[in-house]
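Everything below concerns the one structure shown next.
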Amino acid sequence: MPRSIIAGIGMYVPQNVFTNYDMMKYMDTSDEWIQERTGIKERRFAHRTNETTATMGIEAAKIAIERAGITEQDIDFIIFATLSPDYYFPGCGVLVQRALKMKEIGALDVRNQCSGFLYALSVGDQFIKSGMYKNILVIGSEKHSFAIDFNTRSRNISVIFGDGAGAVVLQPTKDNNRGILSTHLHSDGNDAEILALYNPGTHANYWKKGLADYEDAEVGGLYENHTMIDKGQNFPFMDGPTVFKKAIIKFPEVIMEALNQNGYKSSDIKMLIPHQANLRISKFVQEKLKLNDDQVYNNIDKYGNTTAASIPIALCEAWQYGKIKESDLVCLAAFGSGFTWASALMKW
Ligand code: ACO
């Protein structure tokens, strides 16, 4: 059975740099608080009208396709991971297919938030291993800035997120010393509402949980209404401490699962690319696995948390800086809303 390799990788971040000091113009926060609790100094925000989740993904995809030495016409499947799609429906995959004038290939959208890219990578890996496709484009992209509540009431979450995109092209290889060795996907829906954007949504039966205010009407009004908007219930909610506690357990667990399955120890990792949730989480994982600074790549200070885009952006940067070379053992790991968490172990 062939393995999948990342034959090309690309990233795109908007030009507009939005610092913690810029954030302070909109809410009661400080550079010191944000840096100390999250490690973030600045993030990128997409142009309000000219850049979208799909357009950023397309820019990253063009680079990945060129680096894979193929053309858009060679791509035979698209997988697009995002929680901030251009439209509620259809998904972003078809927008990529259209913009890049690709053949009438399949396009799948993945809604798994911070672990979205790894879920997408895992799906792509299975299609490559089965022989169904030969050039799969996997994209992670987010335009968080469209749904950030620039208001002190949401400051614990608003300061965390940034915009950007990353993309890879997966191809089959018969080289035993390269490729994705395994992927590991998990979920626990008990805490689904701990980190979530409730509205617009169809969760009418949950109204007693206080997730939204419904107007007393016979029809309509259950999806999104003025009361919800007035109360800011159309912005993301996060119970940060609960996310933190679960993340620092599940990150090391899913990394060890990948290492154990393939007979490796944490010291064998050449580069760990954790989802850039929060620098404190990454540092905790690093300490727990006894990894040195050279074995972990973090760039949350520059880009914030870009959710489905954070792993491909960090992986792309690490590779561009020469920190990852052919056949190096690379581990990708993520944890996020759902909760869902995942890892992928590969020989680059
Ligand atoms: N600026 C200043 N003060 C703030 C801010 C802010 N941006 N946000 C919260 N505070 C205040 C709160 O109001 C509170 O004040 P109080 O004690 O007077 O009431 C105090 O700081 C502590 O608030 P908490 O919400 O308990 O903040 P905490 O210390 O837990 O830090 C944080 C918040 C950074 C989000 C933390 O919970 C955390 O790291 N959680 C992990 C979640 C995470 O990283 N999520 C990323 C997205 S999900 C993912 O990618 C996995």
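For ligands, and for the atoms within them, numbers begin at 1 and follow the listed sequence. The figures that follow rest on heavy atoms only: side chains count, while hydrogens, waters and symmetry mates do not. Residues: numbered from 1 along the sequence shown.
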Which option out of [options] puts a heavy atom nearest to [atom]?
atom                    : options                : answer
atom 5 (C) of ligand 1  : F335, F244, W33        : W33
atom 11 (C) of ligand 1 : H275, R153, R155, K250 : R155
atom 30 (O) of ligand 1 : P236, P241, S154, G240 : P241
atom 35 (C) of ligand 1 : M238, R37, R280        : M238

Checklist entry - When you look at CD of Q126, are more than 12 heavy atoms from neighbouring residues, nucleotides or ligands closer to it than 6.0 Å? => result yes
Next on the checklist: Take a 6.0 Å sphere around CZ of R280 and say whether it holds more than 12 heavy atoms from other residues, nucleotides or ligands.
Outcome noted: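 Result for CZ/R280: enclosed.
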Checklist entry - Can N298 and Q276 be counted as having a side-chain donor-acceptor contact under 3.5 angstrom? => result yes
Next on the checklist: If you measure every N or O of S30 against every N or O of ligand 1, does any of those distances drop under 3.5 Å?
Outcome noted: no
Item to check | Side-chain (K347) to main-chain (I180) donor-acceptor, under 3.5 angstrom | outcome: no
Salt-bridge contact [X]-[Y] (side-chain N to carboxylate O under 4.0 Å):
X    : Y    : value
E317 : K302 : yes
D28  : R155 : yes
K246 : D188 : yes
K25  : D22  : yes

Side chain, backbone, both or neither: which part of [X] has a heavy atom under 4.0 Å from ligand 1?
X    : result
L195 : side chain
N305 : side chain
V159 : side chain

Closest protein heavy atom (residue, atom, distance) for [atom]:
atom                    : answer
atom 25 (O) of ligand 1 : N156 CB, 4.1 Å
atom 1 (N) of ligand 1  : T29 OG1, 2.6 Å
atom 39 (O) of ligand 1 : N278 ND2, 2.5 Å

Item to check | Y21: ring pair (Phe, Tyr, Trp, His ring centres under 6.0 Å) partners, not counting sequence neighbours | outcome: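 For Y21, no residue satisfies ring pair (Phe, Tyr, Trp, His ring centres under 6.0 Å) once neighbours in sequence are set aside.
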Can you find a protein heavy atom under 4.0 Å from [atom]?
atom                    : value
atom 17 (O) of ligand 1 : no
atom 33 (C) of ligand 1 : yes
atom 23 (O) of ligand 1 : no
atom 37 (O) of ligand 1 : yes

Checklist entry - Which of the atoms in ligand 1, numbered in the order shown and given with their element, are less than 4.0 Å from a heavy-atom of A277? => result 44 (O), 46 (C), 49 (C), 50 (O), 51 (C)
Item to check | Residue pair D125, R3: steps toward the salt bridge (Lys or Arg N to Asp or Glu O under 4.0 Å) verdict | outcome: CA-CA 8 Å; D125 182 38; R3 279 197 195 140; over 6 Å; no
Checklist entry - Other than M11, which residues form its hydrophobic cluster under the rule that side-chain heavy atoms must be closer than 4.5 Å? => result V13, Y303, I313
Checklist entry - Is ligand 1 less than 4.0 angstrom away from at least one heavy atom of C114? => result yes
Next on the checklist: Below 4.0 Å from ligand 1: does a non-hydrogen atom of Q276 turn up there or not?
Outcome noted: no
